[in-house]
J.: 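Quick one: the structure is below, questions incoming.
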2 protein chains.
Amino acid sequence: MASTPPESSYAILGLIDKLPSSSGHELAAAADRSFAHFWPISRTLLYRELNRLATLKWVTSTRVEQTRLPSKWTYRITDDGERALAAWLSGPVTNAGSYRNDVLLRFFFAHRLSATEVHALLEDYRKRLLAQRDELAALTDKLGSIYTPAARMGRISALHGLRTAEARLGWVEEARAELSDDNTR
Amino acid sequence: MASTPPESSYAILGLIDKLPSSSGHELAAAADRSFAHFWPISRTLLYRELNRLATLKWVTSTRVEQTRLPSKWTYRITDDGERALAAWLSGPVTNAGSYRNDVLLRFFFAHRLSATEVHALLEDYRKRLLAQRDELAALTDKLGSIYTPAARMGRISALHGLRTAEARLGWVEEARAELSDDNTR
DNA sequence: GTTCCCATGTAACCCGTTACATGATTTT
DNA sequence: AAAATCATGTAACGGGTTACATGGGAAC
């Protein structure tokens, strides 16, 4: 009774499907370029998942010798893998919504902080959000000029993060306004 | 060289500071009521963290016998605990921003799905977001009528989730619009 | 001559989750 | 008679992270 693999397995499987005959190294780079902003995959995890996919026979691995570069493994999706990918894609979404935010956690206990410290906390958050927003805006722009279905999906995904960051930047202003009228009451 | 405890330890520590002489059970209920929407704590984790806090001597635990209810442990923050809490609060934020979204992950590989399936995916997401938004709107409203500093912070925290949900609902519409003009090109 | 890129891993850790256990009392 | 509340746990698992290892070739 093999339990279902984690979502990250399917993330990698989907990448292999998209980019056949890639090496782990290339897949890692592709993951960083494409979905890292909503589904980060560390190097170690990547290689572990490649192993899992191979033992599940969802992918095949081939050794490729190179002359001036180190030898590498390349991966291709199998029929079983394609079925698994399709089933996962149309299957139920498991944990949409769970997320943790340690800025909010600190903010929640901010009655123990001075006004300046609360301000610093919000300002730090704002800076992070700004950086995030700019990054995603740049990505959206870049993908906007590429006319492939993959780029289109990538762009819309990036838009999700962009809209989220924008909304949260708005929240920072809202929070500041709320906190500044502590004269009322 | 004791490594720093996880963020959840401080979440519990902060709660004990706010609600002295509470039992684990009461703290769990308080956590569910207050910051569960951005920092969920499972029952098991709660009790584990209470243990950790006690061995760190950041809290003291006292056994309280009850006549018609089971005996319980109650917790109080120590001076060491207060110092640790203050240091954490004004210390650097560690992982603001990391979050995973499995709807987006599926969406990213949606070229393998039919238009109807993509639509179903988005619709499912929309429903979750709507439920989330309504829940947070209700919470914001409820806290808006309580005039304590704690309630105020709770309300602003809830607002963060509310704004996020609203923005993402907007994104769903955006995504739909983008996907429907596949006649262009 | 140091640093970056290619390329693939191992070891260890730990936070968080799920499932299960117990047992009295009060409410429906 | 069943279900909810109070109250506190244990056991087992696993996904993800961080740190470390290796080793050649190319670039600055």
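The figures here come from the full heavy-atom set of this structure, side chains too, leaving out hydrogens, waters and symmetry mates. In what follows, chains are A, B, ... by sequence order, proteins preceding strands, each numbered from 1.
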J.: Calculate the interatomic distance between B:Leu45 atom CG and D:dT10 atom C1'; express it in whole Å.
T.: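 Interatomic distance, CG of B:Leu45 to C1' of D:dT10: 15 Å.
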J.: So, A:Tyr47 versus A:His25: side-chain donor-acceptor pair below 3.5 Å or not?
T.: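 Judged by distance alone, the side chains do not pair up.
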J.: Is any side-chain N or O of A:Arg43 closer than 4.0 Å to OP1 or OP2 of D:dG16?
T.: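 Checking D:dG16 against A:Arg43, no side-chain N or O comes under 4.0 Å of OP1 or OP2.
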J.: Separation of B:Tyr75 atom OH from D:dA7 atom P, in whole Å?
T.: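 Computing the B:Tyr75:OH to D:dA7:P distance gives 12 Å.
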J.: Let's test your reading of the model: under 3.5 Å, does the base of D:dG9 pair with the side chain of B:Arg48 as donor and acceptor?
T.: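 Not at all, since no donor on one side and acceptor on the other fall under 3.5 Å apart.
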J.: Name the nucleic acid region contacted by B:Arg63, choosing base, sugar-phosphate or nothing; use a 4.0 angstrom heavy-atom cut-off, strictly under.
T.: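 Answer is nothing: B:Arg63 stays at 4.0 Å or more from every strand.
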J.: Indicate whether the side chain of B:Glu65 and that of B:Ser71 have a donor and an acceptor atom separated by less than 3.5 Å.
T.: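 Yes, side-chain donor-acceptor contact under 3.5 Å.
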J.: Quick check on C:dG9: is either OP1 or OP2 less than 4.0 Å from any side-chain nitrogen or oxygen of A:Tyr47?
T.: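 Negative; the distance criterion is not met.
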J.: Can you measure A:Leu46 atom CG to C:dT10 atom C1' for me and round it to whole angstrom units?
T.: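 After rounding, the reported distance stands at 15 Å.
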J.: Could you walk me through whether A:Val103 and A:Leu122 pass the side-chain contact (heavy atoms from CB on, under 4.5 Å) check?
T.: CA-CA 8 Å; A:Val103 172; A:Leu122 285 176; 5.6 Å; no
J.: Of the nucleotides D:dA7, C:dC6, D:dG16, which one has an atom closest to the side chain of A:Ser8?
T.: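 Closest nucleotide to the A:Ser8 side chain: D:dG16.
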J.: In whole Å, what is the span from the CG atom of B:Leu50 to the C1' atom of D:dT10?
T.: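 It works out to 16 Å between those atoms.
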J.: Considering non-hydrogen atoms only, spot the tightest contact between B:Asp32 and B:Arg43 and give its length.
T.: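 The answer is OD2-NH2, 3.3 Å.
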J.: Phosphate oxygens OP1/OP2 of D:dC6: is one of them under 4.0 Å from a side-chain N or O of B:Gln66?
T.: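 Result: no.
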J.: Between the protein and nucleotides 19-28 of chain C, list the N/O to N/O atom pairs that are separated by less than 3.5 angstrom.
T.:
residue : atom : partner : partner atom : Å
C:dA19  : N6   : B:Thr44 : OG1          : 3.4

J.: Go through the steps for A:Ser21 and A:Arg76 under the test side chain to side chain donor-acceptor pair (under 3.5 Å), then give the verdict.
T.: CA-CA 6 Å; A:Ser21 296; A:Arg76 298 198 136 264; 3.1 Å; yes
J.: Rounded to the nearest angstrom, tell me the gap between atom CD1 in B:Ile12 and atom P in C:dG16.
T.: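 Distance, rounded to whole Å: 10 Å.
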J.: C:dG16 P sits how many Å from B:Tyr99 OH, rounded?
T.: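 These atoms are roughly 20 Å apart.
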J.: Under a 3.5 Å cutoff, is there a donor and acceptor pairing between the side chains of A:Ser9 and A:Glu49?
T.: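 Yes - a donor-acceptor pair under 3.5 Å links their side chains.
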J.: Measure the distance from CD1 on A:Ile41 to P on D:dG15 and round it to the nearest whole Å.
T.: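 Roughly 12 Å, once rounded to whole Å.
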J.: Short question: side chain of B:Arg106, backbone of A:Trp88 - any donor-acceptor pair under 3.5 Å?
T.: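 Such a contact is found between B:Arg106 side chain and A:Trp88 backbone.
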J.: Please round to 10 degrees the angle between the axis of the first five pairs and the axis of the last five pairs in the helix from C:dG1-D:dC28 to C:dT28-D:dA1.
T.: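 What I find for the helix from C:dG1-D:dC28 to C:dT28-D:dA1 is an axis angle of 40°.
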J.: Can you see whether A:Trp39 has B:Arg100 sitting over its ring - NZ or CZ less than 6.0 Å from the centre and within 45° of the normal?
T.: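 Pair B:Arg100/A:Trp39 counts as cation-pi.
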J.: Is there a side-chain polar atom (N or O) of A:Ser42 under 4.0 Å from OP1 or OP2 of D:dT17?
T.: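 A:Ser42 to D:dT17 OP1/OP2: side-chain N or O found under 4.0 Å.
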J.: Could you check how far CZ of A:Arg100 sits from C1' of C:dC14, rounded to whole Å?
T.: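 In whole Å, C:dC14 C1' and A:Arg100 CZ are 13 Å from each other.
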J.: Among C:dT8, C:dC15, D:dA7, which nucleotide has an atom closest to any side-chain atom of A:His25?
T.: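 Out of C:dT8, C:dC15, D:dA7, the nucleotide with an atom closest to A:His25's side chain is C:dT8.
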J.: Could you give the distance from CG (A:Leu113) to CG (A:Leu121), rounded to the nearest 0.5 Å?
T.: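 Answer rounded to 0.5 Å: 7.0 Å.
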J.: Given A:Tyr75 and A:Asp17, is the side chain to side chain donor-acceptor pair (under 3.5 Å) satisfied, shown in steps?
T.: CA-CA 9 Å; A:Tyr75 301 88; A:Asp17 175 52; over 6 Å; no
